[in-house]
Structures are given as C-alpha cells and as structure tokens.
Amino acid sequence: MALREILEFPDPRLRTVASVVETFDEELAKLVEDLYETMYEEQGIGLAATQINVHQRVLVLDTSEQRNQPRAFINPEIIQQDGSQTYEEGCLSVPGIYAKVDRAETIRVRAQRADGSSFETELDGLDAVCLQHEMDHLAGKLFVDYLSPLKRNMVRKRLAKARRHARQEDPQPTAAE
Ligand code: QAP
Ligand code: CO
C-alpha cells in the first residue's frame with residue numbers, strides 16, 4: 001500500500017477523461033488499496049483515480065461514521081436517477097473550499113469489483129452525492145465547474161494564496177551542517 005499525492009485545482013491533469021478498465025489484475029488491486037489508504041489518510045469520504053493522476057475508471061467511497069465501510073466502483077455507470085438534492089460539497093483536490101451543488105437524490109449504479117465481477121446498487125443521500133461527485137472526476141469535471149466563472153476564479157485565487165502561505169510557513173529543510 002502507498003500514500004499517493006493528490007492533484008489540486010487548477011492542475012490540467014484533473015481534466016483528463018479516464019479510460020475504461022479492461023484488465024482486472026494485481027496492479028488494479030493495488031490501485032484500489034492506494035486509493036483507500038490515501039482517502040483515509042486525508043480524511044476524505046470519496047476519491048477518484050483521476051485525483052492521484054491515474055486515468056482509469058476507478059473510484060472509492062466510505063461515507064460511514066466509523067470509516068469502516070470501504071467501497072470500490074470500477075467502470076461505474078448510473079443506469080437510473082431520480083429527484084434532486086443539494087449538498088455542501090468539498091473535494092480533496094480543492095482543499096478548504098465548500099459550495100452547494102444540486103445532484104440527483106437517488107441513483108442506481110452498475111459497476112465492477114476489483115475481481116471483475118459486476119454488481120448493481122442503489123444509493124441515496126450523501127452516498128449518491130459522493131458517487132456522482134467522484135464520477136465527475138473520471139470525466140475530468142470538478143464541483144467548482146458548477147459555480148459561476150467569477151466564483152471559480154475566486155476559488156483559484158484563494159487556493160493560490162493558501163499555497164503561497166503554506167510555502168512560507170513550511171520552509172524546505174536545508175542540508176545539515
Ligand atoms: C466528495 O470529498 C464529497 O477541503 C468527497 O480540507 C464531499 O472527501 C461529496 C476534504 C462532500 C459530497 C459531499 C475536503 C478534506 C474531503 C477538504 C471529500 C479538506 C479536507 C473531501
Ligand atoms: Co473531489
């Protein structure tokens with residue numbers, strides 16, 4: 001298992017459209033483990049492979065309170081959706097920024113497991129929001145894309161400023177004398 005670096009908005013690599021997974025091998029199993037490890041370390045409830053610069057249709061979720069219900073979706077497809085709901089969303093690729101987004105309330109999803117077997121499941125509430133948010137990543141889309149261009153530009157500036165400050169507060173260690 002390995003902790004992987006998360007790409008941050010406005011990194012153009014987050015715009016890559018992921019490819020369908022066709023090979024269900026050891027490398028895919030390792031990718032899923034790395035996604036879990038990185039999601040838990042960073043206190044996320046969902047993570048898409050795109051966010052760690054792997055452009056394959058793989059995402060993981062764990063919306064449980066106790067952080068003990070990991071779920072992986074490979075080649076996910078929404079085959080039915082109903083209603084609408086609004087959640088305040090965040091994203092590990094857009095740290096410290098939150099905004100309301102409207103999405104379907106209930107979705108039926110078809111996907112594959114790491115061993116290639118297929119399953120279908122119905123999700124609602126936060127689970128449904130999270131899966132739709134992570135599927136957007138696989139299409140190169142971010143939740144800030146639902147905001148006005150003006151607000152999106154404010155987000156870009158706030159992140160640039162936060163990164164500038166983080167750099168000044170954490171100087172790179174210098175070589176020991
Ligand atoms: C997507 O996002 C999501 O800014 C998953 O400083 C989020 O796990 C779907 C996070 C909310 C529905 C509702 C964000 C952690 C985690 C941050 C995440 C941060 C630390 C985001
Ligand atoms: Co995200």
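Numbers here are sequence positions counted from 1. What's counted below: heavy atoms across the whole structure, side chains too, no hydrogens, waters or symmetry copies. If you're wondering where the values come from, they're calculated on a predicted model, not measured in any experiment.
D102 and T86 share a donor-acceptor pair across their side chains, judged by distance under 3.5 Å alone. Donor-acceptor pairing under 3.5 Å is recorded for the side chains of D127 and T63. Checked by atom type, the side-chain pair D62/Q69 shows no donor-acceptor distance below 3.5 Å.
Looking only at distances, no side-chain donor or acceptor of T50 sits under 3.5 Å from a matching main-chain atom of L14. Judged by distance alone, with hydrogens and angles left aside, the side-chain atoms of R57 form no donor-acceptor pair with the main-chain N or O of V21 at under 3.5 Å. Judged purely by atom type and a 3.5 angstrom limit, Q85 uses its side chain to pair as donor or acceptor with the backbone of A104. Within the 3.5 Å criterion, the main-chain N or O of F9 finds no donor-acceptor partner in the side chain of S93. Formation of a donor-acceptor pair under 3.5 Å by the R108 side chain with backbone atoms of Q80 is not found in this model. At distances below 3.5 Å, not a single donor-acceptor pair connects side-chain atoms of E42 with backbone N or O atoms of M39. Using modelled atom types, one side-chain atom of E37 and one backbone atom of A2 make a donor-acceptor pair closer than 3.5 Å.
V60 and I45 fall into different hydrophobic clusters, where Ile, Leu, Val, Met, Phe, Trp and Tyr residues are linked whenever their side-chain heavy atoms come under 4.5 Å apart, directly or through other members. A continuous path of hydrophobic side-chain contacts links V155 to L7 [ILVMFWY only; heavy atoms under 4.5 Å]. Linking Ile, Leu, Val, Met, Phe, Trp and Tyr residues whenever their side-chain heavy atoms come within less than 4.5 Å leaves Y36 and L61 in two separate clusters. Clustering ILVMFWY residues whenever any of their side-chain heavy atoms sit less than 4.5 angstrom apart, transitively, puts L138 in the very cluster that holds L123. Residues V58 and F24 share a single hydrophobic cluster, defined by chaining ILVMFWY side chains whose heavy atoms lie under 4.5 Å apart.
Salt bridge status for D25 with K30: absent, with no side-chain N to carboxylate O gap under 4.0 Å. Ion pairing of R13 with D11 is present here, as a side-chain N (NZ or NE/NH1/NH2) and a carboxylate O approach within less than 4.0 Å. By the 4.0 Å N-to-carboxylate-O rule, R163 lies close enough to E8 to be salt-bridged with it.
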Could you please spell out the steps behind the salt bridge (Lys or Arg N to Asp or Glu O under 4.0 Å) verdict for R103 and D136? CA-CA 11 Å; R103 304 216 187 243; D136 271 356; 2.9 Å; yes

How far apart are the C-alpha atoms of D145 and R15, what are their side-chain angles, what is the distance that settles it, and do they pass the salt bridge (Lys or Arg N to Asp or Glu O under 4.0 Å) test? CA-CA 11 Å; D145 298 348; R15 300 308 184 179; 2.7 Å; yes

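At least one cation-pi condition fails for K100 and Y146: the charged atom is not both under 6.0 angstrom from the six-membered ring centre and inside a 45 degree cone around its axis.
Contact record, H133 with F143: CE1-CD2, 3.9 Å, taken as the closest heavy-atom pair. Of all the heavy atoms in A111 and P76, the pair that sits closest is CB-CA, 3.9 Å. When every heavy atom of D115 is checked against every heavy atom of S117, the shortest pair comes out as OD1-OG, 2.6 Å.
Using a 4.5 Å heavy-atom cutoff, the side chains of L59 and M135 are in contact.
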